J.: 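One structure is given below, represented as structure tokens, and several questions about it will come after.
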Amino acid sequence: MRLAKCLVPTLREEPADAEALSHRLMLRAGLVRQLAAGVYVYLPIGYRLLERINVIIRQEMNAIGGQEILMPVLHPAEIWKQSGRWEGIPEMFKLRDRWGRDMVLGMTHEEVVAWLAAREIRSYRDLPQIWYQIQTKERDEARPRSGILRTREFLMKDSYTLDPDVAALDRSYAAHEAAYRRIFERCGLRFHVAQSDPGMMGGLGAHEFLAPCAAGEDEIVLCAGCGYAANVEIARGVPAAPPSPSGAARGDVATPGARTIAEVSALLGIDPRLTIKSLLYVTGGGEPVLALVRGDQGLHERKLARALGEDVRPAHPDEVRQHLGAPPGSMGPVGASVRILADEHLREGVYVVGANREGYHTLGVTPDRDFPCRFVDLHAVVAGEACVQCGRPLAVEKVIEIGNIFKLGTKYATALGAMYLDESGTERPIVMGSYGIGPARIAAAAIEQNADADGIVWPASIAPFPVHIVVVSLRDAAQVAAAEEVYAACQRAGLDVLLDDRDERPGVKFKDADLLGMPVRVTVGNALARDGVVEIKERRAPRKEHRVPLDAAVSTIRSLDVLAGAS
RNA sequence: CGGGGUGUGGCGCAGCCUGGUAGCGCACCUGCUUUGGGAGCAGGGGGCCGGAGGUUCAAAUCCUCUCACCCCGACCA
């Protein structure tokens with residue numbers, strides 16, 4: 001590809017609206033442009049990047065027996081009504097056709113797959129199946145952000161497995177996990193595999209593939225000792241034990257003006273770990289629920305929602321007064337007439353809690369003795385807590401979710417009538433799994449993990465072009481001819497190559513080459529006339545330079561380690 | 001949905017408080033010079049100042065409403 005004729009609009013200045021590193025660089029390098037919030041156009045280099053990633057995904061999906069299909073973006077509402085997901089998913093785009101029929105823009109394809117399976121799968125002899133597609137998804141996200149990291153329309157590789165039973169599902173699931181590991185390794189990413197919350201997908205189990213980087217929206221809890229890895233939404237951790245309590249007898253103490261844990265513990269001169277934080281929530285059904293965590297810790301709302309089996313929201317201050325008779329700063333569990341859930345690490349100990357009396361707290365309180373409660377895991381794990389498996393300290397990292405895998409079970413098959421006959425002639429529901437990868441998130445994670453101050457540094461496996469040729473001066477016919485020769489030779493050798501044949505000053509071309517981040521740069525400049533050589537450099541190691549004669553350029557490029565493994 | 005912020009040539013911004021001919025840098029076009037890390041000089045084109053309404057002799061500027069976008073939080077298959 002020749003830069004002089006192509007749409008590669010690089011920017012000198014930082015785009016004002018971009019915050020995340022990958023977002024800034026994708027805009028500056030001319031990979032994407034934003035059409036609306038969370039809606040992007042992929043320009044030639046950006047689209048090529050996605051296709052490079054998709055090639056790897058296809059190879060690995062095909063290798064485990066995946067069959068590529070293409071399902072529609074536009075769905076009839078019926079199948080979503082049958083699965084029970086027509087209501088209650090605010091991200092779903094809904095529309096009507098000209099006859100007034102309800103339609104859906106597909107955000108995922110379990111329903112369509114189950115519909116298809118219901119028609120085409122008859123017998124256990126037809127199983128197992130792996131169907132996948134690389135296709136556009138539409139989700140009306142509450143808050144698109146961070147460039148292409150969270151968008152309302154995006155490309156997704158989604159695959160679905162159909163199996164006769166759970167044991168077979170486990171095999172399909174394991175095959176996907178292995179394929180996903182290979183895909184992300186080949187894309188040059190550092191990543192973790194973590195247990196995750198199946199959420200509204202429902203089902204028997206789920207894992208996420210998470211790439212650590214600064215722009216990450218999620219957090220993962222990691223144990224270096226035993227390899228424990230889990231999304232903070234479900235991660236367990238053992239907080240450090242509190243110091244010995246003062247042994248104070250139970251009783252109220254005046255704490256005027258002290259409303260936060262920090263204020264209360266400072267006023268009383270005690271460690272915050274000897275206090276209990278009381279948080280009132282309201283369930284979807286309108287029931288108030290008091291959630292308790294240790295004073296130094298935070299509540300993870302997803303854990304609370306999971307324990308209750310329904311969504312919750314924080315109560316308003318007037319609801320706190322109404323149910324507990326005290327303002328938020330003085331509420332507590334003792335004598336409260338609402339359901340109480342306490343973090344499991346509050347089983348032991350004697351604590352200070354709000355007294356449900358404005359300006360007072362109660363000393364010497366022990367959960368389950370001084371008030372009734374149910375113990376569940378509620379607190380958000382923080383770095384330094386002990387691993388539940390091996391006791392070593394846990395770390396917490398920011399991550400981008402680049403893939404996820406779900407064991408769905410028979411929920412969708414049952415709802416949409418996807419049944420098969422087993423060996424004994426008994427009709428059974430097909431057992432499904434679903435598996436997603438976001439190619440654009442792989443791209444963003446690769447940028448986040450590899451960029452330097454000058455721009456992108458692509459892993460060769462997904463680089464839009466492995467080779468980038470810079471002609472220093474277009475006025476020098478010998479340089480132009482030599483560059484054309486290397487360009488043609490690379491193409492003959494099967495190397496995708498970008499030729500900067502723009503009539504620009506050298507500095508502009510070098511800056512853009514750094515920004516675009518192709519793994520190998522060939523500079524055709526003054527060294528050609530002076531020494532009869534071109535210069536070959538790796539983007540990741542700019543100080544190492546190979547000066548070789550023209551006819552050795554391609555063989556030198558091919559010998560570079562950086563291109564090993566790249567197609 | 002709650003909180004914060006921003007809308008002025010393609011990009012990045014100033015001007016607004018204190019109303020009075022719309023500016024700067026980059027990019028773009030022409031010419032000359034220049035050519036190994038974002039060139040110099042000269043000339044030039046391009047903006048109903050996000051939109052609507054209002055106040056005023058006069059609105060980018062003041063007021064009201066509205067739309068869009070960004071960030072934090074909530075949410076997230």
Side-chain angles (χ1 to χ4, degrees), chain A residues 9-20 23-24 27-28 30 33-39 80 83-85 88-92 104 106-111 137-147 149-152 154 156 158 160 196-203 206 208 215 217-218 231 233 281 298-302 305 311-314 316 401 403-406 408 411-412 433-438 453-455 470-476 479 500 502-515 521 523-530 534-535 537 542 545:
Chain A
T10 56
L11 304 174
R12 294 189 182 209
E13 298 188 72
E14 290 287 343
D17 284 341
E19 194 105 332
H23 188 198
R24 296 204 310 264
L27 288 170
R28 283 198 59 208
R33 287 294 183 263
Q34 186 184 43
L35 174 63
V39 181
W80 290 84
S83 73
R85 294 205 289 187
I89 303 181
E91 287 79 21
M92 188 157 67
V104 168
M107 58 196 325
T108 179
H109 282 73
E110 284 78 15
E111 279 78 1
K137 297 285 181 280
E138 308 284 347
R139 297 183 185 181
D140 193 4
E141 291 287 348
R143 185 153 93 81
R145 73 184 116 180
S146 305
L149 236 40
R150 178 163 294 275
T151 54
R152 296 191 294 176
F154 59 99
M156 182 175 184
D158 46 325
Y160 304 87
S196 68
D197 179 7
M200 293 186 64
M201 287 295 249
E208 293 171 320
E217 298 183 292
D218 289 324
N231 192 306
E233 290 171 357
Y281 278 82
L299 175 82
H300 200 295
E301 283 188 16
R302 284 281 287 251
D311 283 339
V312 293
R313 63 164 174 84
H316 303 301
E401 182 183 350
N404 52 42
I405 54 180
F406 295 93
L408 296 175
K411 170 180 169 179
Y412 298 94
S434 90
Y435 315 83
I437 288 182
D454 293 315
V470 173
V471 194
V472 169
S473 174
L474 281 196
R475 313 291 164 84
D476 184 337
Q479 286 183 21
D500 192 345
R502 295 175 299 172
D503 188 11
E504 288 284 356
R505 293 172 62 85
V508 174
K509 299 190 189 185
F510 290 139
K511 287 288 187 188
D512 275 350
D514 288 342
L515 182 59
R521 184 203 301 176
T523 305
V524 182
N526 296 336
L528 183 71
R530 207 159 43 219
V534 298
E535 297 129 90
K537 273 190 199 180
E545 186 175 80

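Note: hydrogens, waters and symmetry copies are ignored here, and every other heavy atom, side chains too, is used. All of these numbers come straight from a predicted model, not from anything done at the bench. All chains are named by letter (A, B, ...) in the order of the sequence lines, taking the proteins before the strands, and each is independently numbered beginning at 1.
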J.: Salt bridge between A:E110 and A:K411, side-chain N to carboxylate O under 4.0 Å?
T.: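 So A:E110 does not pair with A:K411 through a salt bridge.
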
J.: Roughly, in whole Å, what's the span from CZ in A:R150 to P in B:G73?
T.: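 One finds 12 Å between P of B:G73 and CZ of A:R150, rounded.
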
J.: Once you apply a heavy-atom cut-off of 4.0 Å, does A:R33 come out as touching a base, just sugar-phosphate, or nothing?
T.: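 No contact at all - A:R33 keeps every heavy atom at 4.0 Å or more from the nucleic acid.
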
J.: Check every atom of B:G37, B:G38, B:C75 against the side chain of A:R12 and return the nucleotide holding the closest atom.
T.: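 Nearest nucleotide to the side chain: B:G38.
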
J.: Please give, in whole Å, the distance from B:G12 C1' to A:R24 CZ?
T.: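 Answer to the nearest Å: 15 Å.
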
J.: Rounded to the nearest 0.5 Å, what separation is found between the CG atom of A:D500 and the CZ atom of A:R521?
T.: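 Interatomic distance, A:D500 CG to A:R521 CZ, rounded to 0.5 Å: 10.0 Å.
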
J.: Does a side-chain N or O of A:R505 approach OP1 or OP2 of B:A39 to a distance below 4.0 Å, or not?
T.: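 For A:R505, the contact criterion (side-chain N or O under 4.0 Å from OP1 or OP2 of B:A39) is met.
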
J.: Between B:G37, B:G36, B:C70, which nucleotide has the shortest distance from any of its atoms to the side chain of A:Q34?
T.: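 Nearest listed nucleotide: B:C70.
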
J.: Less than 4.0 Å between a side-chain N and a carboxylate O, is that true for A:R24 and A:E14?
T.: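 Salt bridge: yes.
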
J.: Check if the side chain of A:R521 and the base of B:G36 share a donor-acceptor pair of N or O atoms closer than 3.5 Å.
T.: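 In this structure, the two groups form no donor-acceptor pair.
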
J.: If you measure from CG on A:D476 to CG on A:N526, what distance do you get to the nearest 0.5 Å?
T.: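 With rounding to 0.5 Å, CG (A:D476) is 7.5 Å from CG (A:N526).
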
J.: For A:R145 and B:G4, what is the distance between atoms CZ and C1' respectively, to the nearest whole Å?
T.: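 About 15 Å, once rounded to whole Å.
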
J.: Choosing from B:C69, B:G38, B:C71, which nucleotide comes nearest the side chain of A:D17?
T.: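 Taking heavy atoms from C-beta onward, the closest nucleotide is B:C69.
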
J.: Please check this pair: side chain of A:R139 against backbone of A:M92, looking for a donor-acceptor N/O pair closer than 3.5 Å.
T.: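 Checking the backbone N and O of A:M92 against the side chain of A:R139, no donor-acceptor pair under 3.5 Å is found.
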
J.: Please determine whether any donor N or O and acceptor N or O are separated by less than 3.5 Å between the side chain of A:E13 and the base of B:G25.
T.: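 Between B:G25 and A:E13, which were checked side chain against base, a qualifying N/O pair under 3.5 Å is present.
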
J.: Over how many whole Å does the gap from A:M156 atom CE to B:C76 atom P extend?
T.: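 Atom CE in A:M156 sits about 16 Å away from atom P in B:C76.
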
J.: Between A:T523 and A:E141, which is nearer to the 5' end of RNA chain B once each is assigned its nearest nucleotide?
T.: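 Its nearest nucleotide lies further toward 5', so the answer is A:T523.
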
J.: Does B:G2 have OP1 or OP2 under 4.0 Å away from a side-chain N or O of A:R313?
T.: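 No, no such contact exists.
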
J.: Of A:A16 and A:D512, whose closest RNA chain B nucleotide lies nearer the 5' terminus?
T.: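 Mapping each residue to its closest nucleotide by heavy atoms, the 5'-most match is A:A16.
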
J.: Just N and O in the side chain of A:R139: are any of them under 4.0 Å from OP1 or OP2 of B:C76?
T.: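 No, no such contact exists.
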
J.: Rounded to whole Å, how long is the line connecting atom CD of A:E19 with atom C1' of B:C72?
T.: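 A:E19 atom CD is separated from B:C72 atom C1' by 10 Å.
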
J.: Select one nucleotide: of B:G38, B:A74, B:C76, the one nearest the side-chain heavy atoms of A:V508.
T.: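 In terms of side-chain proximity for A:V508, the closest of B:G38, B:A74, B:C76 is B:G38.
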
J.: Please give, in whole Å, the distance from B:C69 P to A:L27 CG?
T.: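 Interatomic distance, CG of A:L27 to P of B:C69: 15 Å.
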
J.: May I have the distance from A:N231 (atom CG) to B:C75 (atom P), rounded to whole angstrom?
T.: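 One finds 13 Å between P of B:C75 and CG of A:N231, rounded.
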
J.: On the side chain of A:E504, is there an atom forming a donor-acceptor pair with the base of B:G37 - under 3.5 Å, no angle test?
T.: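 Looking at the base of B:G37, it does not pair with any donor or acceptor on the side chain of A:E504 (distance under 3.5 Å).
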
J.: Could you measure between the two C1' atoms, the one in B:U66 and the one in B:C13, and give it in whole Å?
T.: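 It works out to 26 Å between them.
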
J.: Rounded to the Å, how far apart are A:R143 CZ and B:C71 P?
T.: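 Spelled out: CZ on A:R143 to P on B:C71 is 6 Å.
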
